[in-house]
2 protein chains.
Amino acid sequence: MAVSHKQQVDAEAMCPHRLVLEHLTSRWGVLVLIELLERSYRFSELRRAISGLGGRGVSEKMLTQTLQTLERDGLVHRDAKPVIPPRVDYSLTGLGREAAEQVRSLARWTHDRMGEVERARQAYDANRQAYDANRQT
Amino acid sequence: MAVSHKQQVDAEAMCPHRLVLEHLTSRWGVLVLIELLERSYRFSELRRAISGLGGRGVSEKMLTQTLQTLERDGLVHRDAKPVIPPRVDYSLTGLGREAAEQVRSLARWTHDRMGEVERARQAYDANRQAYDANRQT
DNA sequence: CAGTATCCGAGTGGATACTG
DNA sequence: CAGTATCCACTCGGATACTG
């Protein structure tokens, strides 16, 4: 039924570039972009690749939706070859590549800083527990 | 009731750094980080500042939740002054500043490229419409 | 293979009322 | 002021079944 793209968060009164930002930082958007930075992928291939990144896989539905959104925003190029069985290749556009690189570097940053984050969490949780403990006395 | 932080997406089998990434790219996380990059804010002040960025405001609930998550991850520092009426200042930690800068640059990128995105969308929608049209004949 | 269509449960996030 | 607690609408996203 042609998915009128009124699906996502609906813009409402939100400035449009916030929307795009949400698209590329979305749960699967991030992974798709990073994966496509490596090379182009076919649909199912991409699905498997993403599932391989830890976490459980994407549903077909969400991958489709994510890809369509990114394609509409001009970040991903969809190349459907008219053969049987169907073959569709996805790749980044120039615009998409720029975005993907930023996203990847942010992802790498979080990866590199995990140690510090973990420590911060332990400290936080410890305080938290101490606080909660002497509260119920 | 002490919000056991089992709330967000729950980690499940997802690699931990994906979680942190979701925190700082979350709807309000992005805005909080960018805003705090400017200076430190009090709770309500921050709430208003964010509402001023277009889009409708954050609820107290979501702002609280967002701030707690970011604090736990060691990105935001919370300074509660024991005065009446209460005064709490939020600011970025060193770690938080690094993250925020990346997030801001991604936000700026999307802002700068909006023109191209809009054009891509128009092209996409036009094709789409043409396609849908001669389908129902 | 590459989707589309439909249903549905869980969780997000907003509104409201209340507390220290 | 700075939250917490509760309720609830709505959306996201998964499972499933079907199509070209």
Side-chain angles (χ1 to χ4, degrees), chain A residues 1-14 19 22-23 25-32 40-48 50-51 55-69 71 76 78-90 128 131-132 135, chain B residues 1-14 19 22-23 25-32 40-48 50-51 55-69 71 76 78-90 128 131-132 135:
Chain A
M1 198 234 280
V3 170
S4 63
H5 284 285
K6 208 173 174 0
Q7 359 168 268
Q8 28 251 354
V9 186
D10 216 330
E12 300 272 351
M14 191 190 274
L19 258 280
E22 308 249 311
H23 295 168
T25 61
S26 71
R27 180 144 186 213
W28 305 117
V30 175
L31 299 191
V32 165
S40 76
Y41 278 89
R42 298 179 58 181
F43 186 84
S44 297
E45 205 183 12
L46 184 54
R47 192 154 123 76
R48 280 188 297 272
I50 285 175
S51 304
R56 62 166 66 62
V58 217
S59 61
E60 294 182 1
K61 178 185 167 186
M62 290 319 298
L63 183 55
T64 302
Q65 208 172 82
T66 303
L67 285 169
Q68 283 178 354
T69 303
E71 186 194 356
V76 161
R78 179 176 185 276
D79 183 19
K81 296 173 161 77
V83 297
I84 302 285
R87 176 188 177 100
V88 182
D89 286 291
Y90 290 94
R128 194 66 193 195
Y131 174 76
D132 286 352
R135 233 185 82 96
Chain B
M1 196 233 278
V3 172
S4 64
H5 283 286
K6 210 177 174 351
Q7 0 167 265
Q8 27 252 357
V9 185
D10 214 331
E12 300 271 350
M14 192 189 273
L19 258 281
E22 307 250 312
H23 295 168
T25 60
S26 70
R27 181 148 187 210
W28 305 117
V30 174
L31 300 190
V32 166
S40 77
Y41 279 90
R42 299 179 56 181
F43 186 84
S44 296
E45 204 183 12
L46 185 54
R47 191 154 124 76
R48 280 188 297 272
I50 285 175
S51 304
R56 61 165 68 60
V58 217
S59 62
E60 293 183 2
K61 179 186 167 186
M62 290 319 299
L63 183 56
T64 301
Q65 209 173 84
T66 303
L67 285 169
Q68 285 178 353
T69 303
E71 187 195 356
V76 162
R78 178 176 185 277
D79 183 18
K81 296 172 162 80
V83 297
I84 301 283
R87 176 188 177 100
V88 182
D89 286 290
Y90 291 94
R128 192 71 191 192
Y131 174 76
D132 286 351
R135 233 184 81 96

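- In this structure, A:Gln68 atom CD and C:dA2 atom P are separated by 14 Å, rounded to whole Å.
- For the strand DNA chain C, secondary-structure stems (runs of at least three Watson-Crick or G-U pairs, all distances below 3.5 Å) span C:1-20 with D:1-20.
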Using a 4.0 Å heavy-atom cut-off to protein, can you give one letter per nucleotide of nucleotides 13-20 of chain D, 5' to 3': B if the base is in contact, S if only the sugar-phosphate is, - if neither? BBB----B

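- Taking side-chain N and O atoms only, B:Tyr90 has a distance below 4.0 Å to OP1 or OP2 of D:dG3.
- What separates CD of B:Glu22 from P of D:dC12 is a distance of 15 Å, to the nearest Å.
- To the nearest angstrom, P of D:dG3 lies 17 Å from OH of B:Tyr41.
- Remark: B:Val58 engages B:Trp28, B:Ile50, B:Met62, B:Leu63 in a side-chain contact (heavy atoms from CB on, under 4.5 Å) (not counting sequence neighbours).
- Backbone-only engagement by A:Arg78 is indicated by non-hydrogen atom pairs under 4.0 Å involving sugar-phosphate atoms exclusively.
- Taking only side-chain atoms of A:Ser44, from C-beta outward, the nucleotide of C:dG3, D:dA2, C:dC1 with the closest atom is C:dC1.
- Taking every heavy atom of both residues into account, A:Gly57 and A:Ser51 meet most closely at CA-OG, 3.1 Å.
- Residues satisfying the side-chain contact (heavy atoms from CB on, under 4.5 Å) test with A:Thr64, not counting sequence neighbours, are A:Phe43, A:Gln68.
- OP1 or OP2 of D:dA2 sits under 4.0 Å from a side-chain N or O of B:Arg42.
- The distance from atom CG of A:Asp79 to atom C1' of C:dC1 is 15 Å, rounded to the nearest whole Å.
- Atoms CG (A:Leu67) and P (C:dA2) sit 11 Å apart, rounded to a whole Å.
- The interatomic distance linking A:Asp89 (CG) with C:dG3 (P) rounds to 10 Å, in whole Å.
- Proximity of A:Leu31 to A:Thr66: side-chain heavy atoms (C-beta onward) are nowhere separated by under 4.5 Å.
- Residues forming a side-chain hydrogen bond (donor to acceptor under 3.5 Å, both in side chains) with A:Glu45 (at least two apart in sequence, or on another chain): A:Arg39.
- The distance from the NE2 atom of A:His23 to the CD atom of A:Gln65 is 9.5 Å, given to the nearest 0.5 Å.
- Scored by the side-chain hydrogen bond (donor to acceptor under 3.5 Å, both in side chains) test, A:Arg78 finds A:Tyr90 as partners (sequence neighbours excluded).
- Taking OG from A:Ser26 and CD from B:Glu22, the interatomic distance works out to 9.0 Å, rounded to the nearest 0.5 Å.
- Under the side-chain hydrogen bond (donor to acceptor under 3.5 Å, both in side chains) criterion, A:Asp89 pairs with A:Lys81, A:Arg87, not counting sequence neighbours.
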